[in-house]
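Let me begin by presenting the structure, written as structure tokens, before commenting on it.
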Protein chains: 2
Amino acid sequence: MNSMSPDTFITRLHGLLPSDCVLSHPEELRPYECDALSAYRKTPLAVVIPETLEQVQATLKLCSENGVPVVARGAGTGLSGGALPLPGGVLLSMARFNRILDIDIENRTARVQPGVTNLSISKAAEQYGLYYAPDPSSQIACSIGGNVSENAGGVHCLKYGLTVHNIQQLEILTMEGEQLAIGSAALDSPGYDLLALMTGSEGLLGVITEVKVKLLPIPETAQVVLAAFDSVEAAGTGVTATIASGIIPAGLELLDNPAIRAVEKFVRTGYPVDAAAILLCEIDGAADDVSAQVEQVRQVFLDAGAIDLQVSHTEAERLRFWAGRKAAFPAMGRLSPDYYCMDGTIPRKHLSTVLAEIGRLSDEYGLPICNVFHAGDGNLHPLILYDANQPGELERTEELGGRILEFCVAVGGTITGEHGVGMEKINQMCVQFNAAELTQFHAIKEAFDGQQLLNPGKAIPTLHRCAEFGAMHVHEGKLPHPELERF
Amino acid sequence: MNSMSPDTFITRLHGLLPSDCVLSHPEELRPYECDALSAYRKTPLAVVIPETLEQVQATLKLCSENGVPVVARGAGTGLSGGALPLPGGVLLSMARFNRILDIDIENRTARVQPGVTNLSISKAAEQYGLYYAPDPSSQIACSIGGNVSENAGGVHCLKYGLTVHNIQQLEILTMEGEQLAIGSAALDSPGYDLLALMTGSEGLLGVITEVKVKLLPIPETAQVVLAAFDSVEAAGTGVTATIASGIIPAGLELLDNPAIRAVEKFVRTGYPVDAAAILLCEIDGAADDVSAQVEQVRQVFLDAGAIDLQVSHTEAERLRFWAGRKAAFPAMGRLSPDYYCMDGTIPRKHLSTVLAEIGRLSDEYGLPICNVFHAGDGNLHPLILYDANQPGELERTEELGGRILEFCVAVGGTITGEHGVGMEKINQMCVQFNAAELTQFHAIKEAFDGQQLLNPGKAIPTLHRCAEFGAMHVHEGKLPHPELERF
């Protein structure tokens with residue numbers, strides 16, 4: 001802090017906002033110490049929960065003038081620690097910006113405040129036969145502002161795209177409290193694509209104060225094909241063959257045997273517990289198209305070596321097929337005191353290679369791993385089971401997670417699909433990018449936030465940090481682990 | 001130029017590259033004086049046509065060290081003057097980077113050099129049943145590097161997206177000759193979205209040296225519905241009703257009566273010359289889906305008041321229906337010594353309002369306008385007919401064009417859909433964006449090209465220029481023309 005003591009600063013905050021908008025007592029701060037990556041905790045100097053744009057502006061100006069860092073937070077459901085507070089900093093909760101401002105049926109858009117939950121947008125649009133497509137697992141709780149900041153995906157992003165493909169305009173405030181309108185109501189906007197640049201920028205470039213999302217017509221119907229395979233390779237073939245056939249499933253998910261068993265212990269969904277892997281393939285659209293494509297998918301899976309096939313014929317059946325997949329994360333809680341959810345992406349064709357390597361690493365570290373996989377778009381979610389009460393096990397788990405992500409990069413993938421980098425994967429960014437690329441990222445940050453006050457230390461590592469970590473970028477095939485050299 | 005004379009600089013260039021890679025004699029330079037916006041012409045200091053990455057790097061380093069501006073050029077088919085050379089600057093032609101490096105059938109991507117033409121990518125992928133979706137009218141000639149720089153669209157971008165939605169990775173060189181890899185082989189990439197930021201940046205941020213594009217399976221079949229309407233309003237209803245029905249046409253084009261008549265004079269395609277407007281709606285996909293949706297579209301158009309309907313039943317018929325649309329621009333040449341093609345986008349629901357205003361402005365300026373319109377995505381191409389040999393007529397045409405674009409902005413649209421800003425629309429950028437937003441754009445430029453040497457003076461106007469122009473941004477409804485106030 002530059003010019004004033006923490007106490008004076010908090011007093012100034014109380015002067016700017018109604019009393020219930022500023023929290024500064026330790027017990028008030030505790031609920032904000034972490035987001036959904038609860039292994040990381042920090043206590044902020046203060047939590048600000050503004051009700052108006054002017055209050056957000058005033059807060060940012062005060063922080064900017066006094067060099068106080070700001071971490072914006074939506075619902076705090078993020079899995080990579082992007083909303084982890086900074087000691088001595090302000091945690092800016094947008095929870096009270098929870099209004100749906102306008103639904104434009106003709107142009108199929110909704111103008112909403114950032115604190116609105118993902119699911120409530122679809123709920124509000126339902127009466128017009130419309131919905132908002134991206135559906136992260138946390139969609140009941142997660143906020144659209146957080147979705148934009150992390151470029152959230154979900155089971156259906158294979159067909160309908162990530163958040164960046166489903167938003168049209170943003171209103172943001174810079175760290176100095178300057179208001180910017182980004183994007184446009186038309187299909188394209190001139191100037192640099194700041195809409196995409198802001199999307200997934202993890203709160204480092206500005207504070208989102210309004211979002212205009214695209215809405216889609218609710219599909220007439222949807223069916224799920226559930227296919228069992230006796231090898232992960234065969235399931236992998238099923239995935240690539242489906243995509244190659246030209247069909248674009250609404251969702252295409254893979255669970256490996258450990259994940260299937262974990263799920264079946266938790267909810268009885270009738271998944272074949274002896275299968276090496278299952279695929280869940282959802283087709284949505286007009287009824288005729290759906291039944292025709294479901295038949296195609298069945299054939300593709302049979303050709304790929306499916307040993308068992310089921311198709312949902314009622315909405316109840318469809319939901320039962322999905323129930324297991326949706327229960328996968330909670331199911332881990334039954335197997336193990338703790339689990340660590342990874343989030344890497346790979347080119348689809350390396351699916352079985354990567355799952356084999358994950359199995360090898362699981363043995364090497366002696367930690368069981370269940371794999372739940374947005375197979376269609378190559379987004380892996382390995383779930384590492386561990387016990388935080390065993391000394392050193394969290395550290396070993398994090399190291400194992402890092403090794404998995406490095407392997408994803410080695411086969412041409414990335415260290416995150418939809419959960420963001422946050423605090424969690426900051427070291428792996430050194431694997432993903434070289435010094436010139438990281439320097440370019442820092443230049444972008446400089447262009448928006450010269451004082452480095454917005455969510456500093458997240459998402460983009462300093463070159464110094466990468467040097468300490470070992471700067472293991474693989475662009476020139478320089479890899480930390482020799483076994484990766486063959487890729 | 002900082003440190004050396006133009007002659008010395010050219011000598012240094014000749015020292016760095018093979019003799020046939022550097023052009024500096026006036027007669028050699030003439031063909032490079034303009035791109036497809038031929039009303040603007042400038043002679044560069046030299047034209048460099050490198051053959052290798054190292055030669056591009058060496059050229060950029062020499063220019064960077066000597067403060068010489070660089071304009072990169074693909075095929076020069078751009079319509080907004082983005083590749084207009086700078087006197088005293090280097091025109092960097094990427095024409096010799098014309099190789100398709102790799103087609104990955106499993107991952108459905110093609111790795112190509114920037115000088116490869118748009119159409120040749122689809123030609124090369126055809127043997128695998130794949131193609132590259134974006135199809136600007138100039139696709140026979142335009143290069144993929146130029147497509148990325150302008151975020152090119154085309155008739156089919158309503159269904160398949162703009163260039164930004166159809167590319168996966170870029171290799172670029174910064175002005176200092178630093179090599180950056182942008183994007184990834186996976187569905188998403190961590191860090192800021194530099195892939196989208198580079199796309200449509202009109203050569204101001206870096207020089208594209210390699211592009212990995214996404215490929216799609218060639219649709220099994222395609223049919224076109226040709227519908228005639230006795231009012232533009234009815235045609236507009238046909239457009240919004242089609243989109244509202246949930247159908248996503250591969251293309252949905254509108255021609256107004258002047259355009260229909262112009263086209264029919266030029267090529268006999270059987271368009272109804274008395275119709276106030278026609279819609280061309282293409283449906284592609286699996287045969288059953290297509291015939292089902294074609295029937296839906298026919299019904300939607302009838303309900304909207306179509307007075308005549310034709311459906312293509314053979315590939316020959318389909319191509320005949322499109323022949324008129326594709327001939328629209330050349331057809332103008334028959335009607336008028338010169339024509340000026342505008343490129344604005346609007347929210348679909350304002351279609352008839354905007355066409356009415358264009359008609360009013362056409363009368364006000366006494367200049368005929370034909371409208372060809374990517375109606376589905378709200379992208380207008382008004383063609384203003386004029387005679388450059390009539391003193392002052394070009395100026396009046398440009399003023400009229402400016403008024404049309406300002407009206408697009410007033411109804412919530414933008415000043416460009418797919419042609420870019422370049423030199424042509426730089427003043428209208430002052431209408432589109434306010435000072436804070438333009439300042440943010442300049443900060444982005446600074447983050448990539450601190451010396452302001454890459455294509456300076458294009459795409460993003462200085463605040464000074466906007467002040468001179470009258471800084472007519474409409475964010476607070478401050479508009480240059482009172483009649484716009486009602487929007």
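Letters go in sequence order (proteins before strands), and every chain restarts at 1.
If you take CG on B/L197 and CG on A/L194, they are separated by 7.0 Å, rounding to the nearest 0.5 Å. Taking CG from B/L438 and CG from A/L180, the interatomic distance works out to 10.5 Å, rounded to the nearest 0.5 Å.
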Derivation of the side-chain contact (heavy atoms from CB on, under 4.5 Å) call for A/Y192 and B/M198: CA-CA 8 Å; A/Y192 306 120; B/M198 276 299 299; over 6 Å; no

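Among A/E446, A/E106, A/Q440, the residue making the largest number of heavy-atom pairs under 4.5 Å with chain B is A/Q440. When each of A/A196, A/P217, A/G129 is checked for heavy-atom pairs under 4.5 Å with chain B, A/A196 comes out on top. Residue with the most contacts toward chain B among A/N151, A/I415, A/I105, A/I243: A/I243 (heavy-atom pairs, distance under 4.5 Å). When each of B/V421, B/L204, B/T439 is checked for heavy-atom pairs under 4.5 Å with chain A, B/L204 comes out on top. Contact tally against chain A (heavy-atom pairs below 4.5 Å) for B/T109, B/L195, B/L205: the top residue is B/L205.
Heavy-atom minimum distance, B/E437 versus A/A181: OE2-N, 2.8 Å. Contact record, A/G191 with B/F441: CA-CZ, 3.8 Å, taken as the closest heavy-atom pair. Nearest heavy-atom pair, B/P190 versus A/F433, reported as atom, atom and distance to 0.1 Å: O-CZ, 3.4 Å. Closest non-hydrogen pair, B/A447 versus A/I444, comes out as CB-N, 4.1 Å.
With a threshold of 4.5 angstrom between heavy atoms, A/Q428 does not approach chain B through any atom at all. When heavy atoms are compared at a cutoff of 4.5 Å, A/D289 approaches chain B by way of both its backbone and its side chain. Contacts of B/A459 with chain A are absent, with no heavy-atom separation under 4.5 Å from either backbone or side chain. Heavy atoms of A/A292 lying under 4.5 Å from chain B are absent altogether. Proximity to chain A is absent for every atom of B/K425, based on heavy atoms less than 4.5 angstrom apart.
Around CG of B/L216, the count of heavy atoms belonging to other residues, nucleotides or ligands within 6.0 Å exceeds 12. In B/I218, the CD1 atom is crowded: over 12 heavy atoms of neighbouring residues, nucleotides or ligands sit closer than 6.0 Å.
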What donor-acceptor contacts under 3.5 angstrom involve side-chain atoms of residues 152-162 of chain B, with partners at least two apart or in another chain?
from, atom 1, to, atom 2, distance (Å)
B/H156, ND1, B/D135, OD2, 2.4
B/H156, NE2, B/E282, OE2, 2.9
B/K159, NZ, B/D284, O, 3.2
B/K159, NZ, B/D284, OD1, 2.5
B/Y160, OH, B/D284, OD1, 3.0
B/Y160, OH, B/D284, OD2, 2.8

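Looking at residues two or more places apart in sequence or on another chain, you find a salt bridge (Lys or Arg N to Asp or Glu O under 4.0 Å) between B/D104 and A/K349.
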